[in-house]
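Just so it is clear, the model here is predicted, and its values are computed rather than measured. In what follows, chains carry the letters A, B, and so on, assigned in the order in which the sequence lines appear, proteins first and then strands, with residues in each chain numbered from 1.
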Amino acid sequence: MKTSQLLIPTLRDDPGEAETVSHRLMLRSGLIRKVAAGIYTYLPLGLRVIRKIEQIIREEMNRAGAQELLMPIASPAELWKETARWDYYGKELLRFKDRHERDFCLGPTHEEVITDLFRREVRSYRQLPLNFYQIQTKFRDEIRPRFGLMRGREFIMKDAYSFDVDEAGAKVSYQKMYDAYIRIFTRCGLTFRAVEADTGLIGGDVSHEFMVLADTGEATVAYSDQGSYAANLERAEVPPPSDVDTTPLRPLTPIATPQRRTVEEVTALLQITPRQLVKTLLYRAGAETVAVLIRGDHEVNEVKLARLLNVTDVVLADSETVQHATGAPPGFAGPVGLQRVRILADHAIKAMKNVVIGANKADTHYQNANLDRDFTVEQFSDLRNAQAGDPSPRGPGVLTLAKGIEVGQVFLLGTKYSHKMNATILDDQGKERLAIMGCYGIGVGRTAAAAIEQNHDEKGIIWPFPIAPFHVHLLTVSQSEKTTEAATHLYTDLMAAGVEVLWDDRADRAGVKFNDADLIGAPFQVVVGDKGLADGIVEIKIRRSGIKSRIAPGDLVAQLRKLSTEADPSAA
RNA sequence: CGGGGCGUAGCGCAGCCCGGUAGCGCGCCUGCUUUGGGAGCAGGAUGUCAGAGGUUCAAAUCCUCUCGCCCCGACCA
C-alpha cells in the first residue's frame, strides 16, 4: 500500500485525552480515533493490526479443534432471564427495547446464546467434545472506560465455549485452550504469565488469566521467584502462619487513644509496629454485617471475603452501621465484647499475642488482648492479600508482586449454565446428562494495546513482527525521478515476494517520513534516496535495534526474507 | 456512583481572576525557494468559545442548570 492512498493521520503532539503509552501511541500513529467514551473507530492501520491478531487466534483455535461461528450482538432478554443474569449482570448489560417493546441487550459475553444453540442442536455424547468460538464485537457498559482500547465499552473479543460429557473431558478441553492461549500470546510477541484467577461474574470453578507484564496493568500478579506458582492477587493464597508467638500473656488493659483512629495514628501513639495491632473492619455483605480481624500491616482481600460469605461482593460498612454494631465511632472497633455481628479473622490472627485492638468505645483501645481469653473468633480463613516476600503457597520460593494487563482468561464452568438452561445430552448409557462447559476469552484490542505497552520507545511503537500492520516501511527521501523509479521497482518486487510493504510516497521531507516511520513502528524501514542510489545501495533500518545497513537493491528481497524469519520463526 | 479536573480552529494551548475587536504554535490551502532526521519566505482559509438560561449597554470571561470528556476508586477481555 502507498501512504498517499491510506488515511494515516499521525499526530505530532500527544493528544490531551491520552495518558497511557499505548493509548497515546495508538492515537498518534493513526490507528484509532475516539467516537465516544470507550468507543473507537479502527482506522486502516489499526484494523490491520487487529486482523493480524485475529488471524493468529483463528489459526490456533482451529488447530486446537475449535470451530468458528458468529453469534448476534443483540440477544433477547428471555435467554438472560433463564440464567438470572438479566438481573445479576447489573448496569454493565446495555439493555434496550425493540419496536414491539421486547427487551433486548447487547451481548457482553455469550454463554446464554451458545448454550441455547447447543441444547437445540446437540443430542448425543457422540457429537462431543465440541468447542465453538467467534471473534466478535462485545458491549459492556463499563463504569469507567479508560486507556483507549485497554478498557473500552465496545471491544473485539474472541470467545469460545466448550461442551463435554464429563469432568475429565472438560479438563482436556480446558487444557487445550490453555495451551492454545500460550501459543497465541507467544506468537503475538508478548511477555506474559498464565496465573490462577478468580472466576468473577462468569462463574465456575477453575480459571486462569493470561497477564502481560507491564507497569500500566490494572491487575496485580503474585508469583514465586523460584517455583511456578503465579496467581492474580485477588486469588493468591496465603497459607496459615507456621510459627506462633509464645510470649507469656499479659493482662488486658484499656488505654486512652484520643482521636487516634487509623493504624498509623494508634501505632505512633503507643510506640508499636503495625504487626502488633489487629484491625477490626466491618463489612456489609448483603443484609449481614460482619467484623473482619486482620493484622495491622495486612490488607483485607475483599474477593476472598465475598467468596467465604458466598455473596457477589462486600463493601466496607458506613459509619452509621459501625456505630450501631460496635457502639463506638469508626476507628475504635474491636472484637472484645462485640455481640451483634459475626467475627471472622484472617489466619495470621491465630499467631498473635498481646495485641492492640479497638475497645468499642470512643477514644479507647485495649493493649494485650488475646485470642480465646479476651475474645473469640467464629471462623478463621485466608482473608488477606498476599504481600511481596510471603512464602509461595505451593512450591518453592517467595512471592513477588508485579502489574499485569489481562489479555485472556479461561474458565472451567462446570454445569453452571447447562443446569440453568437445561442443556443435556444422552450419554453412552442412554442417560440424560448436563453438558460440562468451559469458556475462554481473549481481548483482541487489548492484546494490541498490551503489545504496545511492552514494545515502544520514545519515538513510537516497535511492533512485534507477527502483528505489525506492515512488515516494511519503504521511504523515498528524494523527490527525483531516479529515486521514484528505483522505489517503484523495489515496491513491486517486495509485493511480488509477499512482503507487506507500506510505501511512504508523499512529497514530504525526509525528516517527516523518518519520524512517522518510527512512530508507526513497522519492523523494517527501507530508505531509498539519491545519495544511496549514487553508491548503488539502499538502506535497511531495523526499528527495534536502530541498526542500519547498506545493501544493493537487488539483494533487498532476500535480505528482508532473512530478517523476517529471524523476527518471526513461527512464520517460517 | 463518590472524589478531582477539563471543554476556545484539525491537534496542542493562551485569553477568563479584572466583562468591551477571539489569539499563539503546529497542521491545512496557494505561490516561490528548499529537499537524507519534523524546511524558509510571502499570502490565505478555518471558530455556533460544549449547550441552555440568567445578570449587564455589552459575556469566552460573572451566576445557574444541563451535556460531554479525562484522571483516582468500586468492575473486567
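For the pair R544(A) and W463(A), the cation-pi criterion (under 6.0 Å, within 45° of the ring axis) is not fulfilled.
Using a 4.0 Å cutoff on non-hydrogen atoms, the parts of residues 37-62 of chain A near RNA chain B are A37(A), ordered by number.
Using a 4.0 Å heavy-atom distance criterion, G152(A) is classed as a base contact. Within the nucleic acid shown, Y440(A) has no heavy atom closer than 4.0 Å to any nucleic acid atom. In this structure, A36(A) reaches the sugar-phosphate backbone alone: every heavy-atom distance under 4.0 Å involves primed, P, OP1 or OP2 atoms, never a base. Within 4.0 Å (heavy atoms only), K158(A) reaches no atom of the nucleic acid at all.
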Summarise protein proximity over nucleotides 27-38 of chain B in one line of letters, 5' to 3': B for base, S for sugar-phosphate only, - for none, counting protein heavy atoms closer than 4.0 Å.
-> S------BSBBB

Base-contact (B) and sugar-phosphate-only (S) positions in nucleotides 1-8 of chain B, heavy-atom cut-off under 4.0 Å, - elsewhere | --------

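Taking atom C1' on both rC24(B) and rU33(B), the two are 26 Å apart, rounded to the nearest angstrom. Using C1' as the reference atom, rG27(B) and rU46(B) are 12 Å apart when rounded to the nearest Å.
No donor-acceptor distance shorter than 3.5 angstrom exists from the side chain of D518(A) to the backbone of K459(A), with no hydrogens or angles considered.
D535(A) meets the side chain to side chain contact (heavy atoms under 4.5 Å, CB included) test with I537(A), R550(A); sequence neighbours excluded. Residues that satisfy the ring-ring contact (aromatic ring centres under 6.0 Å, His included) test with H471(A), not counting sequence neighbours, are F465(A).
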Pairs under 3.5 Å (N/O, protein and nucleotides 12-16 of chain B):
unit_1: rG12(B); atom_1: OP1; unit_2: G16(A); atom_2: N; d: 2.9

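Atoms CZ (R151(A)) and P (rC75(B)) sit 10 Å apart, rounded to a whole Å.
Residues F185(A) and F192(A) bring their aromatic ring centres within 6.0 Å.
Under the 4.0 Å criterion applied to side-chain N and carboxylate O atoms, K138(A) and E154(A) are not assigned as salt-bridge partners.
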